[in-house]
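Reading through the structure tokens given below for one structure.
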Amino acid sequence: MENTVLDVPAGTIELDTVLEDIEEWDSMVRVALNAVLDTNLDFTLNTEELQNIVTFSDIVAKLEGKLEA
């Protein structure tokens with residue numbers, strides 16, 4: 001089963017994409033992102049981490065930090 005947080009066409013999001021510029025990005029997507037992380041990687045981001053996510057590269061950096069820990 002594939003987990004999808006954002007329903008956007010492939011290639012739409014790049015590392016420097018500002019998430020607030022994506023129409024689908026909202027508080028519910030942040031919650032869904034945490035659910036996907038919990039289900040697939042057994043960790044979640046805290047409220048401050050979620051609020052500090054501005055670009056897709058911020059998500060990648062958080063994932064790398066959590067996976068390295």
Side-chain angles (χ1 to χ4, degrees):
M1 174 181 230
E2 181 179 329
N3 289 307
T4 304
V5 175
L6 287 174
D7 186 22
V8 296
T12 300
I13 299 175
E14 297 183 11
L15 286 175
D16 63 348
T17 298
V18 175
L19 297 172
E20 294 295 331
D21 291 344
I22 301 170
E23 184 176 335
E24 292 83 357
W25 184 258
D26 60 16
S27 61
M28 292 306 297
V29 172
R30 290 175 193 262
V31 170
L33 172 62
N34 246 357
V36 169
L37 293 175
D38 188 32
T39 299
N40 293 295
L41 301 173
D42 199 30
F43 71 81
T44 58
L45 301 174
N46 65 40
T47 302
E48 183 178 344
E49 290 171 315
L50 284 170
Q51 290 174 341
N52 289 329
I53 292 172
V54 176
T55 64
F56 187 73
S57 64
D58 294 335
I59 296 173
V60 172
K62 295 292 181 194
L63 293 175
E64 289 174 343
K66 296 282 187 175
L67 293 174
E68 290 173 358

Legend entry - Same cluster (ILVMFWY, side-chain, under 4.5 Å), Val8 and Val31: no
Inset, instruction - Answer yes if Met28 and Ile13 sit in the same cluster of Ile, Leu, Val, Met, Phe, Trp and Tyr residues linked by side chain heavy atoms under 4.5 Å apart, and no otherwise. - result: no
Nearest 0.5 Å please: distance from the [atom1] atom of [X] over to the [atom2] atom of [Y].
{"X": "Leu50", "Y": "Leu45", "atom1": "CG", "atom2": "CG", "value": "5.0 Å"}
{"X": "Ser57", "Y": "Leu19", "atom1": "OG", "atom2": "CG", "value": "8.5 Å"}
{"X": "Lys66", "Y": "Glu64", "atom1": "NZ", "atom2": "CD", "value": "14.0 Å"}
{"X": "Thr55", "Y": "Glu20", "atom1": "OG1", "atom2": "CD", "value": "11.5 Å"}

Legend entry - Nearest heavy atoms of Asp7 and Glu24, plus distance in Å: O-OE2, 3.6 Å
Legend entry - For the student: nearest non-hydrogen atoms of Ile59 and Trp25, plus distance: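 For Ile59 versus Trp25, the nearest heavy atoms are CD1-CH2, 4.3 Å.
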Legend entry - Listed partners of Val54 passing side chain to side chain contact (heavy atoms under 4.5 Å, CB included), at least two apart: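 Val54: side chain to side chain contact (heavy atoms under 4.5 Å, CB included) contacts with Val18, Asp58.
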Legend entry - Set of residues satisfying side chain to side chain contact (heavy atoms under 4.5 Å, CB included) with respect to Glu48, sequence neighbours excluded: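 For Glu48 the side chain to side chain contact (heavy atoms under 4.5 Å, CB included) partners, ignoring immediate neighbours, are Asn46, Asn52.
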Inset, instruction - Return yes if some donor-acceptor pair links the side-chain N/O of Thr17 with the main-chain N/O of Glu14 below 3.5 Å, else return no. - result: yes
Inset, instruction - Could you tell me whether the side chain of Asp38 and the main chain of Thr44 form a donor-acceptor pair under 3.5 Å? - result: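 Not at all, since once roles are kept as given, no pair shorter than 3.5 Å links the two residues.
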Inset, instruction - Can you establish whether the number of heavy atoms outside Asp16 located under 6.0 Å from its atom CG is more than 12? - result: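 Yes, because the 6.0 Å sphere around CG of Asp16 holds more than 12 heavy atoms from other groups.
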